[in-house]
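First comes the structure, then the notes that go with it.
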Amino acid sequence: MNDAYLLIEQSKYLEGTLEVSGAKNAALPLMAATILTEEPCIIRNVPNLLDIKNMIELLSDMGKRIILENSTLYIEGPILNKETREDIVRKMRASVLVMGPLIARYKSGKVSMPGGCSIGARPIDQHLKAAKRMGVNIDIEQGFINLNATYLNPIDFRFDMITVTGTENVFCMLSTVEQESFVRNIALEPEVINLVEALKQMGVFIEIDKPNRTASIKGTRYLKGFDIEVIPDRIEAGTFMVLALATGSKIKIVNLDVNHIESVLEKLEIAGAKIDILSPDSVLVYPKSEKINPLYIETLEYPGFPTDMQAQFMSLLSMADGESTIVENIFENRFQHAQELARMGACITIHSKTAYVKGVKHLKGAEVFSTDLRASAGLVVAGLMAEGKSIIRNIYHLDRGYDHIEQKLEKIGAKIKRINP
Ligand code: EPZ
């Protein structure tokens, strides 16, 4: 499976409709939250991705009964085994999301330490700091985190930095603590809010003060099941929009939530895209002219410009009419796609967390290697822009976050094929 690759040829002036799938980073915490109850939980609009399959395997291995039917997950039953499978955690960092629910419901668990990944060390010190504050004993040995607690205290906790899965884990940890807790400097990503909705259905009282990034939480001893719809994947939607501008195409994008990607829409319009909002869940994107305007981009926590869109914009801007600046504030090593783009003729220099992208007239097809999930999407965009043929290897990264992107793009006329030698 690992030696499959994508064969892409320059594809311009495409026309058609692209459908956005459910958000991976919303579905994963929702699946982990089912650990909090034995009652049936229903999760709708689940994307068909490798990471979802991994989480299904992880939870089944822990005892959950799971059925996946037409993008809907039915999950119920008790946890019989509180130890996560190391092989799954190694390949999917998001497995750390089972830690919070295990603490809340079983006050014990054994979670394998998530490895870093190519975009950074990605420690979980904040998750553990909050757990300790609640009275959880944490013992790390042989790459495993052994958790146990007799009693969970309410906390007034401030994150040292904004962390998406850290926020999600702490909300779950507190969901059975009846006294009121306060969590400060929380992440406000739409995926976090999707999880909050489910926790409220389970019986948790959560109030989010968005301007102050503060949550007040009152849990309950017995949590009920939930029935929730996964929000659309704002990063897949943004990737399709970048692709429309990058290839001079007129593309209708449906099943998205325009309110979740305001910062991306704003940058795309400055870069030269016309974005007609047809309804709250559909847009028509096309270029105002042949020119792509250079941009200044800083990645920030939501609602700022998403780090998960950085690679896609770097590909787009590699053929802009001028020099762009991209500052990556979230991860310490998230410019690896730059060297792959350089193999296609892009002109990018990097100084610590800033990339300077000097637009060139043409990119030339080349053989490139994906390094992480979103970088591979950026390489697909570049492959469609570049003259001639490109080969993208290590596309298992792509399959983690995009539901067979080549099938969706082929339907609107893109020359892109998955080759399984
Ligand atoms: C989530 O990762 C997403 N994953 C990421 O998507 C996304 O890029 C990231 O948020 C930022 O938006 C999921 O939701 C499953 P963070 P997460 O904790 O939660 C540092 C994908 O595959 N940090 O918000 O792991 C950390 O190193 C991924 O779709 C600590 O230092 O990211 C990073 O520099 C790519 N200590 C920054 O904070 C901690 O305890 C933000 O990380 C936690 C985080």
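The structure displayed is predicted, hence computed values, not measured ones. Both counts, for ligands and for their atoms, begin at 1 and track the order of listing.
For atom 18 (O) of ligand 1, the closest heavy atom belonging to the protein is Thr163 OG1, 2.7 Å. Remark: minimum distance from atom 23 (N) of ligand 1 to any protein heavy atom is reached at Met161 SD, 3.7 Å. Closest to atom 15 (C) of ligand 1 among all protein heavy atoms lies Asn25 OD1, 3.4 Å. Atom 43 (C) of ligand 1 has as its closest protein heavy atom Pro123 O, 3.4 Å. For atom 1 (C) of ligand 1, the nearest non-hydrogen atom of the protein is Val164 CB, 3.9 Å. Protein heavy atom at the shortest distance from atom 32 (O) of ligand 1 is Phe331 CZ, 4.0 Å. Regarding atom 36 (N) of ligand 1, its nearest protein heavy-atom neighbour is Asp125 OD1, 2.8 Å. Atom 28 (C) of ligand 1 has its closest protein heavy atom at Arg122 NH2, 3.9 Å.
Among Asn333, Thr299, Asp233, Thr165, the residue whose heavy atom sits closest to atom 17 (P) of ligand 1 is Thr165. Distances from atom 35 (C) of ligand 1 to the heavy atoms of His127, Arg334, Lys24, Glu189 show the closest one on Arg334.
Remark: ligand 1 atoms within the under-4.0 Å shell around heavy atoms of Ile330 are 33 (C), 34 (O), 37 (C), 41 (C). Shown in contact with Gln126 at under 4.0 Å from a heavy atom are these atoms of ligand 1, numbered in order with element: 36 (N), 39 (C), 40 (O). Near Arg400, with a cut-off below 4.0 Å to any heavy atom, the atoms of ligand 1 are 22 (O). Less than 4.0 angstrom separates some heavy atom of Thr307 from each of these atoms of ligand 1: 8 (O), 11 (C), 12 (O). Distances below 4.0 Å separate heavy atoms of Arg93 from the following atoms of ligand 1: 25 (O).
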_Worked check of side chain to side chain donor-acceptor pair (under 3.5 Å) between Asp281 and Ser279_ = CA-CA 5 Å; Asp281 68 355; Ser279 71; 2.8 Å; yes
_side chain to side chain donor-acceptor pair (under 3.5 Å) assessment of Gln201 paired with Asp227_ = CA-CA 8 Å; Gln201 283 189 32; Asp227 180 339; over 6 Å; no
*Step by step, would you call Asp372 with Gln336 a side chain to side chain donor-acceptor pair (under 3.5 Å)?*
CA-CA 9 Å; Asp372 74 85; Gln336 295 178 82; 5.0 Å; no
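Salt-bridge check for Lys24 with Glu191: failed, with every basic side-chain N at 4.0 Å or more from each acidic carboxylate O. The pair Lys132-Asp125 fails the salt-bridge criterion, with no side-chain N (NZ, NE, NH1 or NH2) lying under 4.0 Å from an Asp/Glu carboxylate O.
For the ligand labelled ligand 1, residue Glu168 lies outside the 4.0 Å heavy-atom shell.
For the pair Phe182 and Glu207, the minimum side-chain heavy-atom distance is 4.5 Å or more. Taking the side chain as every heavy atom from C-beta outward, Val327 and Tyr296 approach each other to under 4.5 Å. Proximity of Leu174 to Met134: side-chain heavy atoms (C-beta onward) are separated by under 4.5 Å at one or more points. With a 4.5 Å cut-off on side-chain heavy atoms, Ile79 and Arg105 do not count as touching.
Checked against Ile392 for a side chain to side chain contact (heavy atoms under 4.5 Å, CB included), the options Leu398, Ile416, Val368 give a single hit: Val368.
The structure places CD of Glu39 at 8.0 Å from CE of Met202, a figure rounded to the nearest 0.5 Å. With rounding to the nearest 0.5 Å, the separation of NZ in Lys210 from OH in Tyr302 is 7.0 Å.
Residue contacts with ligand 1, taken as heavy atom pairs separated by less than 4.0 Å, do not involve Glu191 at all. By the criterion of a heavy-atom distance under 4.0 Å, the side chain of Asp308, and not its backbone, is placed next to ligand 1. At a heavy-atom cutoff of 4.0 Å, ligand 1 is contacted by the side chain of Leu373 but not by its backbone.
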